[in-house]
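So the structure is just underneath, and the comments pick up after that.
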Amino acid sequence: MRKNVNQVIRLSDQQKKQLASEIKAFYLDVRGEEIGMIQEQQLLNLFCEHLAPIVYNKALDDSLGWLKEQLGNLEADYCLLYKNV
């Protein structure tokens, strides 16, 4: 059973309209094919359902790497505060 796209990623109506327009333009420019509104929506739903979670998880992984780096810097800065005795 397919997930509802709104459960996977939430887009505003304007974002949906923009992305659907870009999908339509891609098909026309790259493939020389015109697609209709139903095909646009089907492709947008497919991308939101399958691609969006991958991109989202990648962003989380990237931010965790950045956070770990910042924490490492914080620990190094903390150690520099010690006085030589």
Side-chain angles (χ1 to χ4, degrees):
M1 187 163 105
R2 289 187 171 246
K3 298 175 191 170
N4 182 341
V5 171
N6 291 327
Q7 292 175 340
V8 178
I9 184 171
R10 289 195 173 92
L11 300 172
S12 70
D13 290 340
Q14 181 62 32
Q15 290 171 320
K16 289 177 189 175
K17 186 176 179 180
Q18 176 66 35
L19 289 170
S21 175
E22 290 179 22
I23 290 168
K24 186 173 188 163
F26 169 82
Y27 264 80
L28 188 58
D29 293 345
V30 175
R31 301 186 57 146
E33 300 174 22
E34 276 198 45
I35 61 172
M37 188 182 304
I38 293 173
Q39 291 90 350
E40 290 172 18
Q41 289 302 312
Q42 289 173 332
L43 286 168
L44 181 57
N45 290 345
L46 176 74
F47 294 149
C48 286
E49 185 177 334
H50 295 284
L51 182 61
I54 294 168
V55 172
Y56 177 82
N57 288 341
K58 175 68 171 121
L60 284 178
D61 291 343
D62 290 349
S63 64
L64 180 60
W66 176 86
L67 182 60
K68 286 179 178 180
E69 181 180 321
Q70 297 306 310
L71 289 174
N73 292 342
L74 181 63
E75 186 176 350
D77 290 345
Y78 177 82
C79 290
L80 290 173
L81 295 173
Y82 277 90
K83 304 287 183 191
N84 291 332
V85 184

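The figures that follow rest on heavy atoms only: side chains count, while hydrogens, waters and symmetry mates do not.
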In one Ile/Leu/Val/Met/Phe/Trp/Tyr side-chain cluster, 4.5 Å: [X], [Y]:
X: I23; Y: L28; result: no
X: F26; Y: L19; result: yes
X: I54; Y: L46; result: no

Donor-acceptor contacts under 3.5 Å from residues 32-42 side chains, at least two apart:
residue : atom : partner : partner atom : Å
E33     : OE2  : R31     : NE           : 3.3
E33     : OE2  : R31     : NH2          : 3.2
Q39     : OE1  : G36     : N            : 3.0

Just verifying a value: how many Å separate L44 CG and S21 OG, rounded to the nearest 0.5 Å?
11.5 Å

Rounded distance (nearest 0.5 Å) linking atom NZ of K16 with atom CG of N45:
8.0 Å

Can you tell me which residue among Q15, Q14, E22 is in a side-chain hydrogen bond (donor to acceptor under 3.5 Å, both in side chains) with Q18?
E22

Closest non-hydrogen atoms of C48 and A52, given as atom of the first, atom of the second and distance, are O-CB, 3.2 Å

Show every donor-acceptor pair shorter than 3.5 Å between a side-chain atom in residues 72-79 and any protein atom, with sequence neighbours excluded, or say none if there are none.
none

Pair up each side-chain donor or acceptor in residues 57-70 with any protein partner under 3.5 Å, not counting sequence neighbours, and list the distances.
residue : atom : partner : partner atom : Å
N57     : ND2  : P53     : O            : 3.3
K58     : NZ   : D62     : OD1          : 2.6
S63     : OG   : A59     : O            : 3.3
S63     : OG   : L60     : O            : 2.8

